[in-house]
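Notes follow the structure.
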There are 2 protein chains.
Amino acid sequence: MLNNQELTALLRQNGYKVTPQRLAVYEALANTKQHPSAEMLFGTLQPKYPSMSFATVYKTVEILNKLGLIQIINTGEDSFRYDADISEHSHVQCTVCGRVDDVPALNDRSLVVKVEEASGYSIDKHQFYFFGVCEKCRKKH
Amino acid sequence: MLNNQELTALLRQNGYKVTPQRLAVYEALANTKQHPSAEMLFGTLQPKYPSMSFATVYKTVEILNKLGLIQIINTGEDSFRYDADISEHSHVQCTVCGRVDDVPALNDRSLVVKVEEASGYSIDKHQFYFFGVCEKCRKKH
DNA sequence: CTCTCTGCAAAATTTTTGCACTGCT
DNA sequence: AGCAGTGCAAAAATTTTGCAGAGAG
């Protein structure tokens, strides 16, 4: 998680201008654990930045992702979600309420090696998604 | 992989009618290792079934998935891919050419238990995606 | 013969793009 | 001042839906 100064510096270093919108998008992502989609992000930012547009949200998350500051999550819904936590970790989605939570890194170096051997690929990245029912939804039932 | 008779029986058992389109969609998926998207499926079937429509492709894969006969793959492209191989296995996508290959099951029961403990979820399902460069693309470079 | 399925076209949803204006640097 | 960025609206891409006619049981 970067603060405004660090983010500002990083954007400049990479030739991107520093705008209130870009800071706001990153800040919104850094301050939630909810893994918002573009729509949720837009809804959060709209009140504070009434001129904010979807185009800006999408363009900004693309830049943030390119700079390695956020990761893009794809649980199989129609839309993507974004996460400012770029430490190695996986995600779990509740099949009842749809929420997405973090799962701490699974020490899986050996898995990757197995996959490289089995597939002939050289693996750069992986994403693990788990699906089940969260505690809250289990209790409701 | 089911043959036509088995598929016919299974559809009937579940109250679905058996139509040439449904058999064709399943057959197309059963006879490829390419993990086609709806568009690729449609392109494959169109020559043989000129009246085939996207609506039918989508409705059919939904039924096949509901019956547990195919799985839906989501590597983070805009569109979904489908796989008639429902044995436990993961997928790896080449970040250069985009192809998707199978990865044999990774004995990961202990991973799932770890995730359940860490998250408080009860896990029903998981999907692992690996990304890297395939052998062909590595050689080209 | 009934009722589901197909296939067309239109709608819905998410994301991308073009372009005039704004505002960083 | 120059040029990248914003924001609108239109376009693109994928998937869903409504409905009339076709066809499976």
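Naming convention: chains lettered A, B, ... in sequence-line order (proteins, then strands); numbering from 1 in each chain.
The CZ atom of A:Arg99 sits 11.0 Å away from the CD atom of A:Gln93 when rounded to the nearest 0.5 Å. Of the inter-residue distances, the one linking B:Leu41 atom CG with B:His35 atom NE2 reads 12.0 Å to the nearest 0.5 angstrom.
For the OP1/OP2 pair of D:dA24 and a distance below 4.0 Å, the side-chain nitrogens and oxygens of B:Arg22 include no atom meeting the criterion. A:Thr56 has a side-chain polar atom (N or O) that falls below the 4.0 Å cut-off from OP1 or OP2 of D:dG7.
One can place CG of B:Leu23 at 13 Å from P of C:dC5, the figure rounded to the nearest angstrom. As rounded to whole Å, 17 Å separates atom C1' of D:dT15 from atom CZ of B:Arg81. Distance NZ (B:Lys59) to P (C:dC8): 12 Å, rounded to an integer number of Å. Counting to the nearest Å, the C1' atom of D:dA13 and the CZ atom of B:Phe54 are 10 Å from each other. Between the OH atom of B:Tyr58 and the C1' atom of D:dA13 there is a distance of 9 Å, given to the nearest Å. Across the protein-nucleic acid pair, B:Glu77 atom CD and D:dT14 atom P stand 10 Å apart, rounded to whole Å. Rounded to whole angstrom, the span from the CD atom of B:Glu62 across to the P atom of D:dT14 amounts to 19 Å. Summarising the geometry, the separation between CG on A:Leu11 and C1' on C:dC24 is reported as 12 Å, rounded to the nearest angstrom.
Ranking D:dA24, C:dT15, C:dC8 by closeness to the B:Thr19 side chain, first place goes to D:dA24. Listed candidates were D:dG7, D:dT14, D:dG5. Nearest to the side chain of B:Asp78 is D:dT14.
Between A:Phe128 and B:Phe130, a ring centre-to-centre spacing shorter than 6.0 Å is recorded. A centroid separation of 6.0 Å or more is found between the aromatic rings of B:Phe42 and B:Tyr49.
Along DNA chain D, the nucleotide nearest B:Glu39 and the nucleotide nearest B:Ala55 are compared for position; the residue whose nucleotide lies closer to the 5' end is B:Glu39. Both B:Ser37 and A:Met52 lie close to DNA chain D; mapped to their nearest nucleotides by heavy-atom distance, the more 5′-ward contact belongs to A:Met52. For the pair B:Pro50 and B:Gly15, both in contact range of DNA chain C, the more 5′-proximal nearest nucleotide belongs to B:Gly15. Residues B:Gln21 and A:Val18 both approach DNA chain C. Their nearest nucleotides, taken by heavy-atom distance, put B:Gln21 toward the 5′ side.
Side-chain atoms of B:Lys17 and base atoms of D:dA24 include a donor and an acceptor less than 3.5 Å apart.
If you check the side chains of A:Glu77 and A:Thr75, you find a donor sitting under 3.5 Å from an acceptor.
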